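Right, one structure below, let's go through it.
Just the heavy atoms: all of them, side chains too, but no hydrogens, waters or symmetry mates, feed the values below. If you're wondering where the values come from, they're calculated on a predicted model, not measured in any experiment.
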Amino acid sequence: MSIQGMRIKELREKKGMTQSELGKAIGTTKQNIFKYESGAVDTIPNKKLQGLAKALDVEPWEILGWDGPWNSQKGENYISIPLISQKISAGYGEDFLDDDSITMKRIQIPESLTKGVADKSTLVSAEVKGDSMIDANIFPGDYVFFSKGLIKGEGIYVIAFAGDIMVKRLAFDAPKNKLSIISENKNYPVRIIDAESDGVRILGKVIGWIHNEMV
(Lines give C-alpha, C1' and ligand atoms only; values in the text may rest on other atoms or scores of the structure.)
Protein backbone atom coordinates (compact mmCIF):
# COMPACT_ATOMS: atom_id res chain seq x y z
CA MET A 1 0.00 0.00 0.00
CA SER A 2 1.35 3.44 -0.96
CA ILE A 3 1.64 6.45 1.34
CA GLN A 4 -1.28 8.19 -0.33
CA GLY A 5 -3.28 4.96 -0.35
CA MET A 6 -3.00 4.63 3.40
CA ARG A 7 -3.89 8.28 3.85
CA ILE A 8 -6.97 8.07 1.61
CA LYS A 9 -8.27 5.01 3.47
CA GLU A 10 -7.58 6.59 6.87
CA LEU A 11 -9.26 9.89 5.94
CA ARG A 12 -12.22 8.18 4.25
CA GLU A 13 -12.89 6.01 7.29
CA LYS A 14 -12.54 9.03 9.56
CA LYS A 15 -15.26 10.73 7.50
CA GLY A 16 -17.42 7.58 7.74
CA MET A 17 -17.56 7.22 3.96
CA THR A 18 -17.62 4.03 1.92
CA GLN A 19 -15.48 3.58 -1.16
CA SER A 20 -18.62 3.91 -3.26
CA GLU A 21 -19.57 7.19 -1.60
CA LEU A 22 -16.11 8.64 -2.03
CA GLY A 23 -16.00 7.52 -5.65
CA LYS A 24 -19.35 9.18 -6.35
CA ALA A 25 -18.16 12.39 -4.67
CA ILE A 26 -15.22 12.75 -7.06
CA GLY A 27 -16.88 11.32 -10.16
CA THR A 28 -15.21 7.93 -10.27
CA THR A 29 -15.98 4.33 -9.35
CA LYS A 30 -15.66 2.29 -6.19
CA GLN A 31 -13.13 0.16 -8.06
CA ASN A 32 -10.90 3.16 -8.68
CA ILE A 33 -11.03 4.18 -5.02
CA PHE A 34 -10.01 0.63 -4.15
CA LYS A 35 -7.07 0.94 -6.57
CA TYR A 36 -6.01 4.25 -5.01
CA GLU A 37 -6.13 2.81 -1.49
CA SER A 38 -4.45 -0.49 -2.31
CA GLY A 39 -1.61 1.13 -4.21
CA ALA A 40 -2.54 -0.54 -7.49
CA VAL A 41 -2.50 2.99 -8.91
CA ASP A 42 0.56 4.85 -7.69
CA THR A 43 -0.01 8.12 -9.56
CA ILE A 44 -3.33 9.85 -8.92
CA PRO A 45 -4.25 12.44 -11.58
CA ASN A 46 -4.08 15.96 -10.22
CA LYS A 47 -7.79 16.61 -10.89
CA LYS A 48 -8.76 13.49 -8.92
CA LEU A 49 -6.30 14.37 -6.14
CA GLN A 50 -7.90 17.79 -5.80
CA GLY A 51 -11.34 16.11 -5.75
CA LEU A 52 -10.27 13.68 -3.05
CA ALA A 53 -8.91 16.52 -0.93
CA LYS A 54 -12.18 18.45 -1.24
CA ALA A 55 -14.34 15.40 -0.47
CA LEU A 56 -12.22 14.48 2.55
CA ASP A 57 -11.94 18.08 3.83
CA VAL A 58 -8.16 18.16 3.70
CA GLU A 59 -5.40 19.71 1.60
CA PRO A 60 -3.70 17.64 -1.14
CA TRP A 61 -0.44 17.56 0.83
CA GLU A 62 -2.23 15.71 3.65
CA ILE A 63 -3.20 12.91 1.27
CA LEU A 64 0.37 12.64 0.00
CA GLY A 65 1.75 12.33 3.52
CA TRP A 66 3.46 15.69 3.78
CA ASP A 67 4.00 17.08 7.27
CA GLY A 68 2.89 20.59 6.38
CA PRO A 69 1.47 22.81 3.65
CA TRP A 70 4.67 23.21 1.66
CA ASN A 71 2.42 24.10 -1.24
CA SER A 72 -1.33 24.29 -0.80
CA GLN A 73 -2.00 26.42 -3.87
CA LYS A 74 -5.10 25.56 -5.83
CA GLY A 75 -4.30 23.71 -9.02
CA GLU A 76 -0.91 22.52 -7.74
CA ASN A 77 0.56 19.85 -9.99
CA TYR A 78 2.29 16.75 -8.68
CA ILE A 79 4.88 14.56 -10.33
CA SER A 80 5.63 10.90 -9.74
CA ILE A 81 9.22 9.80 -9.09
CA PRO A 82 10.74 6.33 -8.58
CA LEU A 83 11.38 4.93 -5.11
CA ILE A 84 14.65 3.19 -4.29
CA SER A 85 14.10 -0.12 -2.50
CA GLN A 86 17.21 0.38 -0.37
CA LYS A 87 16.98 2.55 2.72
CA ILE A 88 19.42 5.45 2.99
CA SER A 89 21.08 5.78 6.34
CA ALA A 90 20.88 8.91 8.46
CA GLY A 91 23.21 7.15 10.86
CA TYR A 92 26.44 5.41 9.95
CA GLY A 93 25.47 4.22 6.48
CA GLU A 94 24.88 0.97 4.66
CA ASP A 95 25.56 -0.68 1.31
CA PHE A 96 26.26 1.32 -1.82
CA LEU A 97 23.41 2.50 -4.03
CA ASP A 98 23.18 1.17 -7.59
CA ASP A 99 20.68 1.18 -10.44
CA ASP A 100 19.37 -2.26 -9.47
CA SER A 101 17.88 -0.73 -6.33
CA ILE A 102 15.34 1.27 -8.35
CA THR A 103 11.88 -0.28 -8.00
CA MET A 104 8.62 0.10 -9.87
CA LYS A 105 7.14 1.87 -6.87
CA ARG A 106 6.75 5.63 -7.06
CA ILE A 107 5.76 8.54 -4.82
CA GLN A 108 4.16 11.85 -5.72
CA ILE A 109 5.66 15.22 -4.84
CA PRO A 110 4.55 18.80 -5.57
CA GLU A 111 6.08 19.89 -8.88
CA SER A 112 6.73 23.37 -7.50
CA LEU A 113 9.40 21.95 -5.19
CA THR A 114 11.43 20.76 -8.17
CA LYS A 115 11.73 24.07 -10.03
CA GLY A 116 15.48 24.13 -9.44
CA VAL A 117 15.91 20.78 -11.18
CA ALA A 118 16.19 21.14 -14.95
CA ASP A 119 15.98 17.41 -15.68
CA LYS A 120 13.11 15.88 -13.67
CA SER A 121 14.17 12.40 -14.79
CA THR A 122 17.13 12.65 -12.37
CA LEU A 123 14.80 12.71 -9.36
CA VAL A 124 14.57 9.61 -7.17
CA SER A 125 13.33 9.01 -3.64
CA ALA A 126 14.49 6.78 -0.81
CA GLU A 127 13.40 5.88 2.69
CA VAL A 128 15.58 7.14 5.54
CA LYS A 129 16.71 5.14 8.54
CA GLY A 130 18.63 6.39 11.57
CA ASP A 131 18.41 9.55 13.64
CA SER A 132 21.42 11.65 12.67
CA MET A 133 19.34 14.22 10.75
CA ILE A 134 16.48 14.77 13.20
CA ASP A 135 17.45 18.39 13.90
CA ALA A 136 16.89 19.04 10.18
CA ASN A 137 13.41 17.55 10.64
CA ILE A 138 14.34 14.35 8.79
CA PHE A 139 13.21 11.34 10.82
CA PRO A 140 13.47 7.55 10.47
CA GLY A 141 10.86 6.39 7.99
CA ASP A 142 10.79 9.68 6.09
CA TYR A 143 11.33 9.77 2.34
CA VAL A 144 13.97 12.09 0.90
CA PHE A 145 13.96 12.93 -2.78
CA PHE A 146 17.14 14.00 -4.51
CA SER A 147 18.50 14.84 -7.96
CA LYS A 148 21.12 12.32 -9.01
CA GLY A 149 24.34 14.04 -10.02
CA LEU A 150 23.30 17.51 -8.81
CA ILE A 151 26.05 19.29 -6.86
CA LYS A 152 25.16 22.90 -6.15
CA GLY A 153 26.51 24.66 -3.09
CA GLU A 154 26.29 23.59 0.52
CA GLY A 155 23.22 21.69 1.65
CA ILE A 156 21.88 18.21 2.33
CA TYR A 157 23.16 15.51 0.00
CA VAL A 158 23.05 11.77 -0.50
CA ILE A 159 26.63 10.53 -0.51
CA ALA A 160 28.59 7.31 -0.79
CA PHE A 161 31.54 7.13 1.57
CA ALA A 162 33.72 4.18 2.58
CA GLY A 163 31.24 1.73 1.06
CA ASP A 164 28.25 3.31 2.81
CA ILE A 165 25.39 5.44 1.54
CA MET A 166 23.94 8.14 3.73
CA VAL A 167 22.14 11.47 3.83
CA LYS A 168 24.18 14.29 5.39
CA ARG A 169 24.73 18.03 5.25
CA LEU A 170 27.88 18.94 3.34
CA ALA A 171 30.10 22.00 3.71
CA PHE A 172 32.82 22.59 1.12
CA ASP A 173 36.23 24.17 1.76
CA ALA A 174 37.64 24.43 -1.76
CA PRO A 175 40.96 26.17 -0.90
CA LYS A 176 41.89 23.36 1.49
CA ASN A 177 40.19 20.66 -0.61
CA LYS A 178 38.26 19.57 2.45
CA LEU A 179 34.71 18.36 2.86
CA SER A 180 32.76 18.46 6.13
CA ILE A 181 30.16 15.73 6.55
CA ILE A 182 27.71 17.06 9.10
CA SER A 183 24.97 15.25 11.01
CA GLU A 184 22.03 17.34 12.20
CA ASN A 185 22.23 15.68 15.61
CA LYS A 186 24.70 16.73 18.30
CA ASN A 187 25.29 13.09 19.21
CA TYR A 188 27.09 12.51 15.90
CA PRO A 189 30.54 14.01 15.25
CA VAL A 190 31.39 16.15 12.23
CA ARG A 191 33.70 14.35 9.80
CA ILE A 192 36.22 16.55 7.97
CA ILE A 193 37.85 14.68 5.13
CA ASP A 194 39.97 15.20 2.06
CA ALA A 195 37.47 15.61 -0.75
CA GLU A 196 39.46 13.46 -3.16
CA SER A 197 41.67 10.95 -1.39
CA ASP A 198 39.04 9.64 1.02
CA GLY A 199 36.85 8.22 -1.75
CA VAL A 200 33.71 10.23 -1.10
CA ARG A 201 31.17 10.31 -3.90
CA ILE A 202 28.31 12.79 -3.96
CA LEU A 203 25.30 11.04 -5.46
CA GLY A 204 22.96 14.00 -5.56
CA LYS A 205 21.47 16.93 -3.71
CA VAL A 206 18.38 16.47 -1.56
CA ILE A 207 15.54 18.63 -2.85
CA GLY A 208 13.09 17.83 -0.06
CA TRP A 209 11.53 15.10 2.03
CA ILE A 210 8.18 13.65 3.05
CA HIS A 211 7.30 12.70 6.62
CA ASN A 212 5.78 9.25 6.72
CA GLU A 213 3.81 8.79 9.92
CA MET A 214 2.61 5.40 8.71
CA VAL A 215 6.02 3.72 8.91
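Note that CD1 of I134 is 8.5 Å distant from OH of Y188, once rounded to the nearest 0.5 Å. Expressed to the nearest 0.5 Å, how far CG of L11 lies from CD of E37 amounts to 10.0 Å. Annotation: the span from L203 atom CG to I165 atom CD1 amounts to 5.0 Å, rounded to 0.5 Å.
Scanning for side chain to side chain donor-acceptor pair (under 3.5 Å) contacts around T114 gives an empty result, with sequence neighbours left out. Qualifying side chain to side chain contact (heavy atoms under 4.5 Å, CB included) partners for E13, counting only residues two or more places apart in sequence or in other chains: K9. Looking at residues two or more places apart in sequence or on another chain, you find no side chain to side chain donor-acceptor pair (under 3.5 Å) involving S125. The side chain to side chain donor-acceptor pair (under 3.5 Å) check on S20 picks up nothing, with sequence neighbours excluded. Taking the side chain to side chain donor-acceptor pair (under 3.5 Å) definition, one finds that D173 meets it with nothing, sequence neighbours left out.
Judged by distance alone, the side chain of K48 and the main-chain N or O of I26 form a donor-acceptor pair under 3.5 Å. Judged by distance alone, with hydrogens and angles left aside, the side-chain atoms of W209 form a donor-acceptor pair with the main-chain N or O of N137 at under 3.5 Å. Within the 3.5 Å criterion, the main-chain N or O of I192 finds no donor-acceptor partner in the side chain of K178.
Electrostatic pairing of R169 and E184 counts as a salt bridge here, judged by a charged N lying under 4.0 Å from a carboxylate O.
Within the structure, salt bridge (Lys or Arg N to Asp or Glu O under 4.0 Å) pairs that include any residue of residues 14-30 comprise K15-D57 (at least two apart or interchain).
In the model, S183 has a side-chain atom that pairs as donor or acceptor with a side-chain atom of K168 under 3.5 Å.
More than 12 heavy atoms of other residues, nucleotides or ligands shown are found within 6.0 angstrom of CZ on F172.
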